[in-house]
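Note sheet for the following structure.
Every heavy atom of this structure was used, including side-chain atoms; hydrogens, water molecules and symmetry mates were not. Quick note on labels: first sequence line is chain A, next is B, and so on, each numbered from 1. Everything quoted here is computed from the prediction, not taken from an experiment.
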There are 2 protein chains.
Amino acid sequence: MVEQSLRLDFIFGSLADPTRRDILRRIAKEEMSITEIAKPYKMTFAAISKHLKILEKAKLIAKKRQGKQQVVHLTPATINDAAEYLKEYEKIWNQRLDLLEKYLSTFPT
Amino acid sequence: MVEQSLRLDFIFGSLADPTRRDILRRIAKEEMSITEIAKPYKMTFAAISKHLKILEKAKLIAKKRQGKQQVVHLTPATINDAAEYLKEYEKIWNQRLDLLEKYLSTFPT
DNA sequence: TTATCATTCAACCAAATGGTTGAACAATCT
DNA sequence: AGATTGTTCAACCATTTGGTTGAATGATAA
């Protein structure tokens with residue numbers, strides 16, 4: 001499953017940048033045109049266009065044309081995949097809480 | 001909350017690399033010495049040491065000395081934070097799907 | 001068709017990332 | 001103390017990343 005791993009590279013790579021997380025947060029509330037998305041940031045429009053390209057490659061967002069402008073919205077399936085990945089770890093932790101407690105007690109307080 | 005955002009930078013940045021995800025996966029099953037962690041990878045020991053530094057900075061792992069060697073284990077709280085972050089998005093999507101369903105149900109079948 | 005608005009592309013730059021090698025340091029064993 | 005095992009550090013290199021500017025393209029409105 002090399003492709004699967006690559007997908008996670010893109011997803012987590014996208015989420016590693018604060019501007020991109022902020023964009024996701026904003027379009028989660030309501031879909032927006034690219035110009036509208038770019039407005040609050042101090043960087044250039046081209047920089048935002050690049051960020052959107054990265055989010056699109058990770059399939060975290062999608063664009064659709066609406067007349068002159070393009071409207072951006074979240075792609076539900078993808079963050080779900082990332083969440084599923086992290087849930088595996090939560091499961092392991094829950095199974096091993098007793099052991100973890102032992103580890104933690106070895107640290108100085 | 002700039003620090004919080006920075007923490008997410010580190011967490012997701014860590015998870016964006018396949019070698020680091022693989023290390024997490026392996027030590028999730030059982031804690032391991034650094035030498036043991038490094039064994040299966042083709043890259044140098046120093047490279048693995050760097051990857052561990054990155055995971056440590058993100059607080060996804062912690063080391064403790066056990067005699068001559070250092071043993072690495074997961075840090076439970078941190079992935080939880082990332083999972084919480086992603087859960088917010090799942091919540092939003094679920095709300096939207098509910099609305100969509102409600103909307104669709106107003107039409108005759 | 002031309003002007004205008006919305007967006008991307010290309011070329012460039014500085015800084016960060018992921019790797020290498022070889023020397024240095026830490027802890028234990030003899 | 002010296003040898004051995006385990007791990008990090010420093011210097012270096014190639015590639016990627018996140019930004020810039022200015023020109024080019026796409027779609028609609030006049």
Side-chain angles (χ1 to χ4, degrees), chain A residues 2 5-27 30-73 106-108, chain B residues 2 5-27 30-73 75:
Chain A
V2 178
S5 178
L6 206 59
R7 282 206 57 218
L8 286 174
D9 288 8
F10 292 150
I11 293 171
F12 288 126
S14 288
L15 295 174
D17 183 277
T19 302
R20 290 193 290 263
R21 286 199 303 276
D22 199 59
I23 290 172
L24 286 178
R25 186 185 55 75
R26 290 173 55 225
I27 66 174
E30 54 172 341
E31 59 179 29
M32 264 179 242
S33 78
I34 295 177
T35 304
E36 219 173 332
I37 289 170
K39 237 165 226 160
Y41 307 105
K42 273 177 269 177
M43 67 192 78
T44 59
F45 194 88
I48 297 296
S49 179
K50 276 191 180 182
H51 279 306
L52 293 176
K53 267 235 154 335
I54 290 166
L55 288 167
E56 203 178 10
K57 191 175 174 192
K59 295 202 170 77
L60 285 164
I61 64 167
K63 302 170 185 167
K64 64 181 169 186
R65 191 161 278 283
Q66 220 162 63
K68 208 182 278 195
Q69 47 196 12
Q70 275 179 93
V71 168
V72 177
H73 59 88
T106 64
F107 294 119
Chain B
V2 176
S5 179
L6 206 59
R7 282 206 59 216
L8 287 174
D9 287 9
F10 292 150
I11 293 171
F12 288 127
S14 288
L15 295 174
D17 183 278
T19 301
R20 290 193 291 263
R21 285 199 305 275
D22 199 58
I23 290 172
L24 287 178
R25 184 186 57 75
R26 289 173 56 226
I27 66 174
E30 53 173 341
E31 60 177 30
M32 263 178 244
S33 77
I34 295 178
T35 303
E36 220 174 333
I37 289 170
K39 238 164 223 158
Y41 307 107
K42 274 176 267 174
M43 68 192 76
T44 60
F45 195 87
I48 297 297
S49 179
K50 276 191 180 182
H51 279 306
L52 292 176
K53 267 236 153 335
I54 290 166
L55 288 167
E56 203 178 8
K57 191 175 174 191
K59 296 202 169 76
L60 285 164
I61 64 168
K63 302 171 186 167
K64 65 179 169 185
R65 191 163 277 281
Q66 220 163 64
K68 210 181 277 194
Q69 48 195 12
Q70 275 180 94
V71 169
V72 178
H73 59 88
T75 307

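Considering every non-hydrogen atom in both B:A16 and A:G13, the closest pair reads CB-N, 3.5 Å. Between B:T19 and B:M43, the shortest heavy-atom contact is OG1-CE, 3.6 Å.
The nearest whole Å value for the distance from the NZ atom in A:K57 to the P atom in C:dT8 is 16 Å. To the nearest angstrom, P of C:dG18 lies 12 Å from CD1 of B:I48. The CD atom of A:Q69 sits 6 Å away from the P atom of C:dA6 (whole-angstrom rounding). Regarding B:M43, its CE atom lies at a distance of 16 Å from the P atom of C:dT17, rounded to whole Å. A straight line from CD1 of B:I54 to C1' of D:dT8 spans 14 Å, rounded to a whole angstrom. A straight line from OH of A:Y41 to P of D:dG18 spans 15 Å, rounded to a whole angstrom. The interatomic distance linking A:D9 (CG) with C:dG18 (P) rounds to 10 Å, in whole Å. Following rounding to the nearest Å, A:D17 (CG) and D:dT17 (P) show an atom-to-atom distance of 12 Å.
Each of C:dT7, C:dT8, D:dG18 was ranked by its minimum atom distance to the side chain of A:T35; first place goes to C:dT7. The nucleotide whose nearest atom lies closest to any side-chain atom of B:F45 is, among D:dG18, D:dT8, C:dA26, D:dT8. The nucleotide whose nearest atom lies closest to any side-chain atom of A:R20 is, among D:dG18, D:dT8, C:dT8, D:dG18.
Considering CD1 of B:I37 and CD1 of B:I23, their distance stands at 6.5 Å, rounded to 0.5 Å. For the atom pair NZ (B:K64) and CD (B:E31), the distance works out to 4.5 Å, reported to the nearest 0.5 Å.
Listed pair B:T44 / C:dT20 meets the phosphate criterion, a side-chain N or O lying under 4.0 Å from OP1 or OP2. Between A:H51 and the phosphate of D:dG19, there is a side-chain N or O to OP1/OP2 separation shorter than 4.0 Å. OP1 or OP2 of C:dT8 sits under 4.0 Å from a side-chain N or O of A:K63. Taking side-chain N and O atoms only, A:S49 has a distance below 4.0 Å to OP1 or OP2 of C:dT8.
Comparing A:K42 and B:E36, the nucleotide of DNA chain D nearest to each residue sits closer to the 5' end for B:E36. Mapping A:K68 and B:A46 onto DNA chain D by nearest heavy atom places B:A46 closer to the 5' end of the strand.
Side chain B:K50 to base C:dG19: a donor-acceptor pair is found below 3.5 Å.
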For the pair A:L15 and B:L8, evaluate side-chain contact (heavy atoms from CB on, under 4.5 Å) and give the outcome as yes or no after the intermediate values.
-> CA-CA 8 Å; A:L15 295 174; B:L8 287 174; over 6 Å; no
